[in-house]
Amino acid sequence: MTDGVTQEEVLKIVREVLDVDPVRPEDDLFDLGFTSLAIVKTAARVSERLDADLPLSAYFDAATVADLVAAVAAARPR
């Protein structure tokens, strides 16, 4: 389960990193321009802002923004 704060912050990070607006949960990350460099930048911001450390493979496995939000929410401390 995700909370609205996590979703909004992940959407904000993806918008910043990819310089794309709007970004919606159903959007395909790779269609938006997710690359290896973008994944590293996103992972650093997610770790810093949301205290969620995911392996980089989780970012490659996330097909959509919603998938990434779910992975981040699951990795956050309870």
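Only a predicted model underlies this, so the values are computations on that prediction, with no experimental measurement involved. Note that these values count all heavy atoms, side chains included, but never hydrogens, waters or copies made by symmetry.
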Neighbour count >12 (heavy atoms, 6.0 Å) for atom CG, D19: no
Residues D28 and T64: side-chain donor-acceptor under 3.5 angstrom: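 Judged by distance alone, the side chains do not pair up.
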Any residue meeting salt bridge (charged side-chain N to carboxylate O under 4.0 Å, His left out) with E26, in chain and number order, not counting sequence neighbours: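 Result, salt bridge (charged side-chain N to carboxylate O under 4.0 Å, His left out) vs E26: R24.
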If you take all heavy atoms of [X] and [Y], which pair is closest and at what distance?
X: S47; Y: D53; answer: OG-OD1, 2.5 Å
X: P25; Y: L11; answer: N-CD2, 4.1 Å
X: V69; Y: Q7; answer: CG1-CA, 3.9 Å

Within the structure provided, determine whether [X] and [Y] are in side-chain contact (heavy-atom separation under 4.5 Å).
X: L18; Y: V23; answer: no
X: R15; Y: K12; answer: yes
X: L50; Y: R76; answer: yes

Spacing of CG belonging to D61 relative to CG belonging to L29, to within rounding of 0.5 Å: 11.5 Å
Mind listing the side-chain donor-acceptor pairs of residues 30-42 below 3.5 Å, one per line with the distance, residues two or more places apart or on another chain?
residue: T35; atom: OG1; partner: A38; partner atom: N; Å: 3.2
residue: T42; atom: OG1; partner: A38; partner atom: O; Å: 2.7

V72 with V5, same ILVMFWY side-chain cluster at under 4.5 Å: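 Looking at the clustering, V5 is in a separate group from V72.
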